Amino acid sequence: MSDLQFDARGRLRHLLTLEGIGRPLLTSLLDRAEAFRVAPGEAPRRHTWLAGRTVANLFFEPSTRTRASFELAARRLGADVINLDIQASSAVKGESLEDTLYTLEAMNVDVFVVRHKDVGVQALMASHAAPHVHVLNAGEAHLSHPTQGLLDAFTIRRHKPDLANLSVAIVGDIKHSRVARSALRALVTLGVRDIRLAGPKTLLPKKGELKGELFTDADKAVRGADVVMMLRIQKERMQKAAVPSAAAYFKRYGLDARRLKLAKPDAIVMHPGPMNRGIEISAEVADGPRSVIREQVSNGVAVRMAVLQGFYT
Ligand code: CP
């Protein structure tokens, strides 16, 4: 799949995965995103990079952050945007993904932003797309969420630029998390070496499946960390009850003020959202001074602008 996303000249044509994207390209995407950041209260600048282009959001799974930020990113670059209401679309009548693609291409859609619960849907669409069309993965099953990985790396780099000497603890439902997989890929590519993956045994990947040291003791994983990234418990991807009660989970794996004190005094707290407050993170920590959770959301627009702009420069 990582081959499919580059054109014959080695330029990024689709963004399907962070696998196969090396440090120079990843760094240049993050550098370009810096120019698109908007301070709180500031009116975002309007650009014309995508003037005359049309971006279609195809979200076969729910989303608040990713969908809204792709729409804002596209509009701020001058594109027209359509948000296909999947539940009210002809997909419900059985129209195939390929026919959905061809139909929208016939209306001059240039960029498809796709979220789907199944593996391989974005690659399938990319393999059928017209030569001028771009496909962006906005969340693929448990496997990848590349722009989330980019925005997480971007946020970490802004606060902790010495990436080679960082300790990053990722805590929660690693097994079902496309966020963890893409963040890990971005961080490893950027040179982060100390990555700790913590959660109940039932929610951890198999040993060796992902980069990072595995912990079932959250205190040990968080101790001395520069970055603590909490993950959502994803009930929708679990076959059967793989976690104890919410209260028991919070006690063993949730991030509260006591557990956060184990991290470095200037550690930052991240969460991709949506949060289950009181299950994986306390409201006090989520809204506290070390939290960069809302900054992640804000950075998501800048990073997605950088990706979209890259297709047209
Ligand atoms: N982080 C993330 O993907 O959030 P949404 O599901 O709201 O898009």
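Every number for a ligand or one of its atoms is a count from 1 in the order of the listing. Worth saying up front: this structure is predicted, and the values here are computed from it rather than measured.
A salt bridge links D110 with R53: the closest approach of a Lys/Arg side-chain nitrogen to an acidic carboxylate oxygen falls below 4.0 angstrom.
Of all atoms in ligand 1, listed by their number and element, those nearer than 4.0 Å to a heavy atom of P272 are 1 (N). The contact set between ligand 1 and G273, taken as ligand atoms under 4.0 Å from a residue heavy atom, comprises 1 (N), 2 (C), 4 (O). Less than 4.0 angstrom separates some heavy atom of T64 from each of these atoms of ligand 1: 5 (P), 7 (O), 8 (O). Every atom of ligand 1 is numbered from 1 in the order shown, and the set under 4.0 Å from a heavy atom of T66 is 2 (C), 3 (O), 4 (O), 5 (P), 8 (O).
Taking 4.5 Å as the limit, some side-chain heavy atom of H145 sits within range of a side-chain heavy atom of T66.
Nearest-heavy-atom check against atom 5 (P) of ligand 1 across R232, R178, R65 picks out R65.
M229 and F250 are not part of a single hydrophobic cluster, where members link through side-chain heavy atoms under 4.5 Å apart.
Within 6.0 Å of the CD atom in Q87, the count of heavy atoms belonging to other residues, nucleotides or ligands does not exceed 12.
Checked against a 3.5 angstrom limit, the closest N/O atoms of P274 and ligand 1 fall outside it.
Contact analysis leaves G139 out of contact with ligand 1, as no non-hydrogen atom separation drops below 4.0 angstrom.
F59 does not carry R115 over the face of its six-membered ring by the limits of under 6.0 Å from the centre and within 45° of the normal.
Only the side chain of R115 comes within 4.0 Å of ligand 1, counting heavy atoms alone; its backbone N, CA, C and O stay farther away.
With ring centers used as reference points, H47 lies 6.0 Å or more from Y312.
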